[in-house]
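Below is one structure, written out as C-alpha cells, with a few remarks after it.
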Amino acid sequence: QVQLVESGGGLVQAGGSLRLSCAAAGSTFSNYVMGWFRQAPGKEREFVAGISWSGGRTDYADSVKGRFTISRDNTKDTVYLQMNSLNPEDTAVYYCAARRGLYATSNYNYWGQGTQVTVSS
C-alpha cells in the first residue's frame, strides 16, 4: 500500500504559478498510475491531471489544459503538478492519488491528505 503526502500549496495572486509535489512511500512507486484531483468549496472532487507509470501518457481536464503540467520522477518517488496562469476558479484543495493497474482517470485507490491552493483576484 502506498502512502502519499502533498506539499506546495499556498496563496497566490491571479496569473501566478505554484508547483505541487506529492511524495510516495511504502510501495514501488513506478507500479502506480498517478493523478491530481481537486475539490472546491461546495463542489464535488474533480479530475485535474493523470500520468502513466513511465510518464509517457498524460491527460488533463479541459479547464487546465495549456496551464497545468503533470510530471513524475520515479527515482524520487514523486509526482508534480506545475500550475501556471492561475485564476480564482482554481482555488481548491488539491489531492494526489494513485491507482494500480491500467492507466485511467478515475477509480483511484489511494489518496493524500490534500493541500490548499488559494488564488486571489
Side-chain angles (χ1 to χ4, degrees):
Q1 181 168 329
V2 64
Q3 291 85 46
L4 305 171
V5 178
E6 301 97 335
S7 61
L11 174 65
V12 63
Q13 288 189 331
S17 299
L18 281 175
R19 188 175 83 154
L20 304 183
S21 300
C22 173
S27 190
T28 303
F29 180 67
S30 57
N31 287 345
Y32 292 87
V33 173
M34 300 299 297
W36 287 95
F37 292 75
R38 67 186 181 185
Q39 187 167 20
K43 295 187 178 181
E44 293 190 354
R45 188 163 57 190
E46 63 176 357
F47 170 81
V48 174
I51 188 166
S52 60
W53 310 293
S54 67
R57 176 175 176 174
T58 57
D59 285 285
Y60 298 91
D62 288 343
S63 59
V64 307
K65 279 181 183 176
R67 301 187 298 121
F68 290 11
T69 303
I70 188 171
S71 62
R72 66 189 295 163
D73 186 340
N74 287 347
T75 66
K76 296 182 178 179
D77 294 352
T78 302
V79 62
Y80 305 96
L81 185 68
Q82 177 67 42
M83 306 186 293
N84 299 329
S85 301
L86 286 160
N87 58 63
E89 290 70 38
D90 296 315
T91 295
V93 177
Y94 283 72
Y95 297 91
C96 173
R99 60 167 279 143
R100 298 186 69 102
L102 297 177
Y103 178 81
T105 59
S106 61
N107 296 321
Y108 281 67
N109 311 106
Y110 307 100
W111 296 85
Q113 81 288 352
T115 186
Q116 177 70 46
V117 171
T118 303
V119 184
S120 63
S121 57

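This chain uses plain numbering: 1 for the first residue, then up along the sequence.
- Residues S17 and N84 come closest through the heavy atom pair OG-OD1, 2.9 Å.
- The heavy-atom pair separating A14 from S121 by the smallest distance is CB-CA, 4.3 Å.
- Taking OG of S120 as the start and CD of Q13 as the end, the distance is 5.0 Å to the nearest 0.5 Å.
- Contact of the K76 side chain with the S21 side chain is not registered, since no non-hydrogen atoms from C-beta on lie closer than 4.5 Å.
- Remark: the backbone N or O of W53 is paired with a side-chain donor or acceptor of R72 at under 3.5 angstrom.
- For the atom pair CD (Q116) and CZ (R38), the distance works out to 12.0 Å, reported to the nearest 0.5 Å.
- A donor-acceptor pair under 3.5 Å links the side-chain atoms of E6 to the main chain of C96, judged by distance alone.
- The hydrophobic cluster containing V79, built from Ile/Leu/Val/Met/Phe/Trp/Tyr side-chain heavy atoms closer than 4.5 Å, also comprises V2, L4, V12, L18, L20, F29, Y32, M34, W36, V48, I51, Y60, V64, F68, I70, L81, M83, L86, Y94, Y110, V117, V119.
- Note that the CG atom of D59 and the OG atom of S52 stand 9.0 Å from one another [nearest 0.5 Å].
- S63 contributes atom OG, which lies 10.0 Å from atom CZ of F47 (distance to the nearest 0.5 angstrom).
- With a 4.5 Å cut-off on side-chain heavy atoms, E44 and E46 do not count as touching.
- Taken together through direct or relayed side-chain contacts under 4.5 Å among Ile, Leu, Val, Met, Phe, Trp and Tyr, Y95 and V33 form part of one hydrophobic cluster.
- For the pair S27 and R100, the tightest heavy-atom approach, listed with the atom from each and the gap, is OG-NH1, 4.1 Å.
- Heavy-atom minimum distance, S85 versus R67: O-NH1, 3.0 Å.
- In this structure, SG on C22 lies 10.5 Å from CG on D77, to the nearest 0.5 angstrom.
- Both F37 and Y103 are members of a single hydrophobic cluster when ILVMFWY side chains are connected at heavy-atom separations under 4.5 Å.
- Of all heavy-atom pairs between T78 and A23, the closest is OG1-CA, 4.2 Å.
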